[in-house]
Amino acid sequence: MNEIISVYRSLFGYYGPQGWWPLQCNASESGFDARGYHPGSYEFPVSRAEVWEILCGTILAQNTSWTNAEKSLTRLRMNGIASPEHLLGMTADGIASLIRPSGYFNQKSGRLRAFAAYFIGLGGVIPDRGELLALQGIGPETADSMLLYAWKQPHFVVDSYTARIMGRMGILDPDFSAIRSGKRYEHVQKIITKGLDELPAGKIPVFQEFHALLVRNATMHCASRPVCSGCPLEHSCEKRV
DNA sequence: AACCAGGACGTGA
DNA sequence: TCACGTCATGGT
């Protein structure tokens, strides 16, 4: 058992399944968490609306707390313009006024509207990574989030939390400020993907859970100011801070 | 009152 | 390639 898998097992054993990506359009149905999580269920998204909600969420959540991204999603839904077709019918300014809570609303509104047109044009076909990266406002993390959680493709999502946790543990280069620059993102992604490859289970659920678990642990313990006491990774961590 | 949050992009060196 | 500034709201 390699180090990557060891981290995964520790986190999963401690926190359990996270139920990503949360879908608020299902939040009120039985069997779902009040905020749209569905721990232990990996069949989602099923409908086109669910796929679109995730895609929308990945853009809105960029460098923003999920609670703020959720507020924008709710406002879009409550105003009946959550679908890509409805968004296309709006002006960028009209969209911007509704997605204010998730920040960068002037950037995100235009990019979201353009992405709605792109999504409609796809006609249900799953795009490849390079195609997504060519779009305005979609970088490596957002592209991989879309592919992994909306389209169930085996792309591991690397984020600043991943780099922070692995960096402090001594598994990765602790320089996590430049994870997205150059080829470092793909480098880290490759290391983790290769590590998880030894697992017997299917890739998709593991990729989905691992990223969600890293976010969870970064929130509860491995924050910018770490709270190492009680951290499920405490015993195997070098605690480089 | 700074600091951080489920980033991406443009710019100058 | 890189380091840095910009975009912006909301919670602690």
Side-chain angles (χ1 to χ4, degrees), chain A residues 11 15 17-24 33 35-39 45 53-76 92-93 95-115 118 129-150 155-168 173 175-189 192 207-227 241:
Chain A
L11 292 176
Y15 296 108
Q18 298 300 296
W20 277 39
W21 190 281
L23 288 159
Q24 61 172 239
D33 181 274
R35 291 181 59 214
Y37 294 92
H38 43 87
E53 184 184 316
I54 295 173
L55 296 173
C56 223
T58 64
I59 293 176
L60 292 174
Q62 288 172 353
N63 201 34
T64 305
S65 65
W66 178 246
T67 54
N68 280 4
E70 259 186 330
K71 286 173 187 167
S72 289
L73 282 175
T74 301
R75 288 169 61 131
L76 291 176
D93 284 345
I95 297 172
S97 66
L98 288 173
I99 64 170
R100 288 185 65 94
S102 46
Y104 311 109
F105 47 84
N106 285 320
Q107 283 189 346
K108 288 177 179 175
S109 59
R111 291 168 178 182
L112 195 57
R113 187 172 181 282
F115 187 73
Y118 172 77
R129 192 171 188 268
E131 201 174 316
L132 292 172
L133 291 178
L135 301 174
Q136 253 333 291
I138 300 184
E141 184 184 342
T142 304
D144 287 330
S145 292
M146 288 177 164
L147 288 166
L148 180 61
Y149 291 105
H155 292 252
F156 185 77
V157 178
V158 178
D159 64 349
S160 54
Y161 292 153
T162 309
R164 183 200 282 163
I165 292 175
M166 302 280 190
R168 285 177 178 166
D173 188 314
D175 177 20
F176 39 79
S177 63
I179 263 297
R180 283 175 211 86
S181 65
K183 296 195 178 301
R184 295 194 191 196
Y185 182 100
E186 281 75 15
H187 176 66
V188 172
Q189 185 180 47
I192 296 176
F207 281 18
Q208 291 185 341
E209 289 293 0
F210 197 19
H211 172 66
L213 287 163
L214 288 167
V215 172
R216 180 78 183 277
N217 195 56
T219 306
M220 300 192 62
H221 289 285
C222 210
S224 57
R225 180 157 69 121
V227 182
V241 183

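Please read all numbers here as calculations on a predicted model, not as lab measurements. A, B, ... follow the sequence lines: proteins, then strands. Residue 1 opens every chain.
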Next item on the list: For A:Leu214, report the nucleic acid contact type (base, sugar-phosphate, nothing); a contact means any heavy atom under 4.0 Å.
Entry: nothing
Note to self: With the threshold set at under 4.0 Å for non-hydrogen atoms, list the residues of residues 62-73 of chain A touching DNA chain B in residue-number order.
What the structure shows: A:Gln62, A:Asn63, A:Thr64, A:Ser65, A:Trp66
Checklist line | Validation row: A:Tyr104, A:Arg111 side chains within 4.5 angstrom (heavy atoms) | finding: no
Next item on the list: Provide the distance between the two P atoms, one in B:dC4 and one in C:dC4, to the nearest whole Å.
Entry: 16 Å
Notebook entry, point to check: Taking for each residue the nucleotide of DNA chain B bearing the nearest heavy atom, is the 5' side occupied by A:Ile138 or by A:His211?
Noted result: A:His211
Notebook entry, point to check: Does a side-chain N or O from A:Arg184 land closer than 4.0 Å to OP1 or OP2 of C:dC2, or not?
Noted result: yes
Margin query: Less than 4.5 Å apart, side chain to side chain, heavy atoms only: is that true for A:Arg168 and A:Cys222?
Written below: yes
Notebook entry, point to check: Taking OP1 and OP2 of C:dC7, is either one under 4.0 Å from a side-chain nitrogen or oxygen of A:Arg100?
Noted result: no
Tabulate protein N/O versus nucleotide N/O from nucleotides 10-13 of chain B, keeping only pairs under 3.5 Å, one per line.
none

Margin query: How close do A:Ala218 and A:Ile165 get, counting heavy atoms only, and between which atoms?
Written below: N-CD1, 3.9 Å
Notebook entry, point to check: How many Å lie between CD on A:Glu186 and P on C:dT1, as a whole number?
Noted result: 12 Å
Notebook entry, point to check: Any idea how A:Trp20 and A:Tyr149 line up, ring-wise: parallel (<30°), tilted (30 to 60°), or perpendicular (>60°)?
Noted result: tilted
Check: What distance do A:Ile138 atom CD1 and A:Glu131 atom CD have between them, rounded to the nearest 0.5 Å?
Finding: 10.5 Å
Item checked: Protein-nucleotide distance (A:Asn106, atom CG; C:dT9, atom C1'), rounded to Å -> 12 Å
Notebook entry, point to check: Does some side-chain heavy atom of A:Phe115 sit less than 4.5 Å from a side-chain heavy atom of A:Leu132?
Noted result: yes
Margin query: Please report whether the ring centroid of A:Trp21 lies less than 6.0 Å from that of A:Trp66.
Written below: yes
Next item on the list: Scan for salt bridge (charged side-chain N to carboxylate O under 4.0 Å, His left out) pairs involving residues 207-224 of chain A, sequence neighbours excluded, and state none if there are none.
Entry: none
Margin query: In whole Å, measure the gap between the C1' atoms of B:dG6 and C:dG5 for me.
Written below: 23 Å
Check: Given B:dG7, B:dG6, C:dG10, which nucleotide is nearest the side-chain atoms of A:Pro22?
Finding: B:dG6
Next item on the list: Under 4.0 Å between any heavy atoms, over every strand shown, what does A:Thr142 touch: base, sugar-phosphate, or nothing? Just pick one.
Entry: sugar-phosphate
Check: Between B:dC4, B:dG6, C:dC7, which one does the side chain of A:Trp20 approach most closely?
Finding: B:dG6
Margin query: Under 4.0 Å, heavy atoms only, any strand: does A:Tyr104 hit a base, just the sugar-phosphate, or nothing?
Written below: base
Next item on the list: Nearest-nucleotide wise, let me know which of A:Ala223 and A:Gly139 is further upstream toward the 5' end of DNA chain B.
Entry: A:Ala223
Next item on the list: Indicate, yes or no, whether a donor-acceptor pair under 3.5 Å links the base of B:dG6 to the side chain of A:Tyr37.
Entry: yes
Notebook entry, point to check: Ring of A:Tyr161 versus six-membered ring of B:dA5: centres under 5.5 Å and planes under 30°?
Noted result: no
Next item on the list: Please state whether the rings of A:Phe156 and A:Phe207 are parallel, tilted or perpendicular, taking 30° and 60° as the class boundaries.
Entry: perpendicular
Item checked: Criterion side-chain hydrogen bond (donor to acceptor under 3.5 Å, both in side chains) on A:Ser72 and A:Ser102, from CA distance to verdict -> CA-CA 6 Å; A:Ser72 289; A:Ser102 46; 2.7 Å; yes
Next item on the list: Answer with base, sugar-phosphate or nothing: what part of the nucleic acid does A:Leu133 contact at a heavy-atom distance below 4.0 Å?
Entry: nothing
